[in-house]
Amino acid sequence: MRALTIGRYQPFHKGHMNVIWEISDVVDEIVIGIGSAQISHELDNPFTAGERVAMIRRTLELNGFKGMSYIIPIEDIQRNSIWTSHLESMTPPFDIVYSNNPLVVRLCKEEGYEVRHPPLFKRDEYSGTEIRRRMIEDERWTHLVPEGTLEVIDEVDGVQRLKDIVREEDSYGRKAEL
Ligand code: ATP
Ligand code: MG
């Protein structure tokens with residue numbers, strides 16, 4: 001049996017990692033979809049699809065992940081009614097979807113997929129938004145992400161990128177005028 005799970009992974013954190021480990025106890029193969037793949041260098045989406053692939057790949061490897069996995073970037077399309085077809089066109093066939101995102105859940109259910117809700121681990125800390133906030137405000141965040149993610153963020157100077165983005169956007173989150 002093959003399962004799909006999807007997130008933006010900005011960045012890939014220990015909550016995401018726990019979910020993947022739990023799913024892989026239950027299914028034979030796991031498809032990890034990287035959502036909003038086309039977006040990067042923004043406050044809520046600082047990392048490229050390729051960087052996110054690297055975070056996940058290295059984490060799986062460094063932690064001795066035994067299962068079979070496919071890591072697949074999925075770009076957004078502005079037409080929800082055909083989003084599942086778009087998704088299916090990018091992934092190996094899957095039987096089950098693990099998601100807590102209401103829109104993903106609805107669209108996949110309408111398409112006839114069984115949808116399961118993965119448990120949330122320490123959601124107050126294991127949260128992309130919280131980790132990005134801590135990076136910007138120089139608070140402790142490295143314990144919230146797995147080693148593989150940490151390596152990639154260091155490699156691409158991710159914290160500095162995020163701080164630069166904050167500086168370049170005004171308090172309303174709009175791009176500063178040049
Ligand atoms: P952001 O704050 O940027 O939205 P996020 O932490 O919500 O980041 P996403 O990249 O949006 O993570 O991925 C969403 C998916 O990850 C959802 O399916 C959600 O259930 C799962 N997820 C997010 N945080 C956790 C967590 N702490 N434990 C388990 N699963 C989580
Ligand atoms: Mg989210």
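Counting starts at 1 for both ligands and their atoms, following the listed order. This is a predicted model, so every value here is computed, not measured.
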Short side-chain to backbone donor-acceptor contact, Ser24 and Trp21, under 3.5 Å | yes

For Tyr9, is at least one N or O under 3.5 Å away from an N or O on ligand 1?
-> yes

For ligand 1, indicate whether the residue His16 contacts it via side chain, backbone, both or neither (heavy-atom separation under 4.0 Å).
-> side chain

Paired with Glu125, the salt bridge (Lys or Arg N to Asp or Glu O under 4.0 Å) test is passed by just one of Arg140, Arg133, Arg134, namely Arg134

Donor-acceptor under 3.5 Å (Asn100 side chain, Pro118 main chain) | yes

Where is the nearest protein heavy atom to atom 27 (N) of ligand 1: which residue, which atom, and how far?
-> Phe121 O, 2.6 Å

The closest protein heavy-atom partner of atom 1 (P) of ligand 1 is Thr129 OG1, 3.5 Å

Could you verify whether a donor N or O on one side chain and an acceptor N or O on the other, from Gln10 and Asp44, lie under 3.5 Å apart?
-> no

Evaluation steps, ring-ring contact (aromatic ring centres under 6.0 Å, His included), between Tyr9 and Phe47 = CA-CA 9 Å; Tyr9 306 125; Phe47 303 108; over 10 Å; no

Would you say Arg2's side chain and Pro93's backbone share a donor-acceptor pair under 3.5 angstrom?
-> yes

Identify the protein heavy atom lying closest to atom 11 (O) of ligand 1, giving its residue, its atom name and the separation to 0.1 Å.
-> Arg8 NH1, 3.3 Å

Looking only at heavy atoms of Asn101, does any of them come nearer than 4.0 Å to an atom of ligand 1?
-> no

What is the closest protein heavy atom to atom 14 (C) of ligand 1, and at what distance does it sit?
-> Gly7 CA, 4.2 Å

With a 3.5 Å cut-off and no angle check, do the side chains of Gln160 and Asp164 form a donor-acceptor pair?
-> yes

Please answer: with hydrophobic residues joined when any side-chain heavy atoms are less than 4.5 Å apart, are Val156 and Ile39 in the same cluster?
-> no

Any idea which atoms of ligand 1 are less than 4.0 Å away from a heavy-atom of Val19?
-> 29 (C), 30 (N)

Apply the side chain to side chain contact (heavy atoms under 4.5 Å, CB included) test between Pro46 and each candidate in Met135, Arg132, His41; give the one that qualifies.
-> Arg132

Nearest-contact summary for atom 18 (O) of ligand 1 - protein heavy atom, Å | Asn100 N, 3.7 Å

Return the residue, atom name and 0.1 Å-rounded distance of the protein heavy atom closest to atom 3 (O) of ligand 1.
-> Arg132 NH1, 2.8 Å

Top protein contact for atom 5 (P) of ligand 1, by heavy-atom distance | Arg123 NH1, 3.5 Å

Report the nearest protein non-hydrogen atom to atom 31 (C) of ligand 1: residue, atom name, distance rounded to 0.1 Å.
-> Leu120 CD2, 3.5 Å

Close approach of Pro119 to ligand 1, heavy atoms, under 4.0 angstrom | yes

Heavy-atom distances under 4.0 Å are what count here, so tell me which part of Tyr126 touches ligand 1: side chain, backbone, both or neither.
-> both

For ligand 1, is there an atom lying under 4.0 Å from some heavy atom of His13?
-> yes

Check Val145 against Lys14 and note the closest heavy-atom contact, atom names and distance.
-> O-CE, 3.5 Å

For Ser127, atoms of ligand 1 separated by under 4.0 Å from a heavy atom = 6 (O)

